[in-house]
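In what follows, a single structure is set out as structure tokens and then discussed.
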Amino acid sequence: DQCRMCAMSLAVGLMAVVQSASPAGRPKHLALIVIDDLGFDDMGFSNGNQIATPTFNQMHDSGVSFSNYYVQPSCSPTRATIITGRKPVHTGINFWIPNAAYGLPLSETTLAEVLNRRGFMSHAIGKWHLGCHKTPYLPTFRGFHSFWGYYEGSEDYWTHNYYGNGLDFHQEDSPNCSISSGCSKLLWGTVGVDNAPDYWDTYSTHLFTKRAVSLIERHAQTETDAPLFIYLAYQGVHEPQQSPQHYVDPYNLTIADHSRRVFAGMLSAVDEGVANVSAALKVAGMFDDTLFIVTTDNGGPTTECSTTGQSNWPLRGSKCSIWDGGTRGTGFLYWSGLPSTAVGLKYTGLIHAADWLPTVVSALTGASVEPKETLPLDGIDMWAALTGNHTSPRTHVYYGIAQGGMGPALRDVAGVKLIVGTSGGGKGEWSPQQLPNQTSTSLPGPAEKYLDPREVTHARQTDDQLVFNLASDPGEHTPLAAPLPPSTAAAVATLLRIRAQYAATAVPQAVPDPSCPKFTGLNTTDPSGNTAKYIGPWCD
């Protein structure tokens, strides 16, 4: 089939570039790729190529992959963490933002703003989900020179409608580009129907890829000296479970479960998209100078919080939980100029999504974030450790709290994990292993309760706790019984002291602006003159 062959040929071309490139110095450009709701056992390199991800496989195998990489339990908290270098306990974004009148605090400095000060052109594509109730919370007011995508947390892949509330697809081609000024455009021309023959022009994964390719081509022609930052936050593989049938059919004989099969098609489309982005960078002469970072935003939603066929095997739990299945994520970086110590490295040290901001600045500029350039960072510069295979400077991970308020949880470098309370959230079940010809997947369960923001605390008072040894029990099957061995008891005491430090510096959970009306789609007229609705700032 032509498109599949195209993807495969691009992947082969990428492999050739990987093998031949040997640039000196450091990367110049950044492609930060977020895959929405990707599970721990979903990439081909994890599941025996049950799902074909040749582009990601090659980057993973020739780059630096992470065995102990942590993200937050859901989308908005991780996205806020990635672009600020600060954890939810300090941004106030502990949960995904539920159509509420709040967003990433305007006091926060974003990665785009940090890089712009160093001469970068920064562009955001895809999912935002960091606030859209007021114009100042939108991407081009947060440092991005352009935005092309959707404000909210999900949309139909073809119609780009947000759960019947209106069109949520926007083009903003300059800084501070607002709807009220007439700068922001609604992309009515992208609206399609489910699995239409012209899906390339309407399916969101393809649209975001085409936008990235277009930006790369334009940058190469008009911004030849400026470094480029593309934040490519794909909708795939978040719900709704939608894929062009063309991508699903190759799995008809190898994946019996329908949900998993459609999911495989969705992920294959994302892999093909990154192959096309890589090819565009190569044509533009920018590939060898580009640092790729690929990350999920949370663990796969296997039993709650928008399931679409993911697997977190062998880990316990789902998105929205602080079990490792909800927080230990798939992540890796690739640059064709990596030193030999880093090529194909499976890095076992601790790393957290908060580390990307200082690590990126170090990788691209050779310098650190300036004092007081941002609010105090939780992230640590990992570039030297990752490229030199040195011991991680990160000695613990603070998971934060689950969607339902359970926790917090922490772990140390030796694998001792503490959950304050009696549960990590959700069903706490285990995904089955995914391999070619495997037929079973986890079944979806009820959505996780959304905690009232007024109930949120990082200083929960309880004598209940769960302690696990992740080194010997990565699936969190058996909590350690009291009395704990002396070394474990000492580790738990240390984690409790660290927990108290976070509680002492915690900021309140962000809450809706009481002066704003309830979320609703806004009225407009579509190109045919019909009354329609769209998603936009409803509290300006």
Would you please test E370 and S368 for side-chain hydrogen bond (donor to acceptor under 3.5 Å, both in side chains) and show each step? CA-CA 6 Å; E370 296 293 330; S368 301; over 6 Å; no
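- Rounding to the nearest 0.5 Å places CZ of F332 at 8.0 Å from CG of N57.
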Can L106 and Y137 be said to form a side-chain contact (heavy atoms from CB on, under 4.5 Å), step by step? CA-CA 7 Å; L106 299 181; Y137 290 83; 3.8 Å; yes
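- Ion pairing between R394 and D412 fails under the 4.0 Å rule for side-chain N and carboxylate O.
- In summary, the aromatic rings of F45 and H60 are positioned with their centroids under 6.0 Å apart.
- Every pair tested for salt bridge (charged side-chain N to carboxylate O under 4.0 Å, His left out) that includes a residue from residues 214-230 fails, sequence neighbours excluded, so the list is empty.
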Check against salt bridge (charged side-chain N to carboxylate O under 4.0 Å, His left out), D355 and K87: CA-CA 10 Å; D355 298 331; K87 295 182 179 180; over 6 Å; no
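- Ring centroids of F169 and F208 are separated by less than 6.0 Å, placing the two rings close together.
- Ring centroid separation for the pair H206 and Y234 does not come in under the 6.0 Å cut-off.
- Residue N298 is tested with D37, D36, T327, T78 for a side-chain hydrogen bond (donor to acceptor under 3.5 Å, both in side chains); the sole match is D37.
- The shortest distance between side-chain heavy atoms of P376 and R86 falls below 4.5 Å.
- T387 is not listed as a side-chain neighbour of V64, based on a closest heavy-atom distance of 4.5 Å or more.
- Remark: of the listed residues V114, L111, T110, V114 is the sole one forming a side-chain contact (heavy atoms from CB on, under 4.5 Å) with T374.
- Ring-centre distance between F144 and F120: not below the 6.0 Å cut-off.
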Does the salt bridge (charged side-chain N to carboxylate O under 4.0 Å, His left out) test come out yes or no for R316 and D324, once each step is laid out? CA-CA 6 Å; R316 182 179 186 177; D324 266 32; over 6 Å; no
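- The existence of a salt bridge linking R117 and E373 is confirmed by a sub-4.0 Å separation between a basic side-chain nitrogen and an acidic carboxylate oxygen.
- Residues that satisfy the ring-ring contact (aromatic ring centres under 6.0 Å, His included) test with F292, not counting sequence neighbours, are F287.
- With a 4.5 Å cut-off on side-chain heavy atoms, D42 and T330 do not count as touching.
- Separation of the F66 and W356 ring centroids falls under the 6.0 Å cut-off.
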Walk me through whether L232 and L32 qualify under side-chain contact (heavy atoms from CB on, under 4.5 Å). CA-CA 6 Å; L232 179 52; L32 175 51; over 6 Å; no
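- If you look at H170 and Y150, their ring centroids are not closer than 6.0 Å.
- For the pair T209/V277, a side-chain contact is recorded, criterion being any heavy-atom separation below 4.5 Å from C-beta on.
- Between E476 and K417 there is a salt bridge, with a side-chain nitrogen of the basic residue lying less than 4.0 Å from a carboxylate oxygen of the acidic one.
- Rounding to the nearest 0.5 Å gives a distance of 8.0 Å between CD1 of I230 and OG1 of T290.
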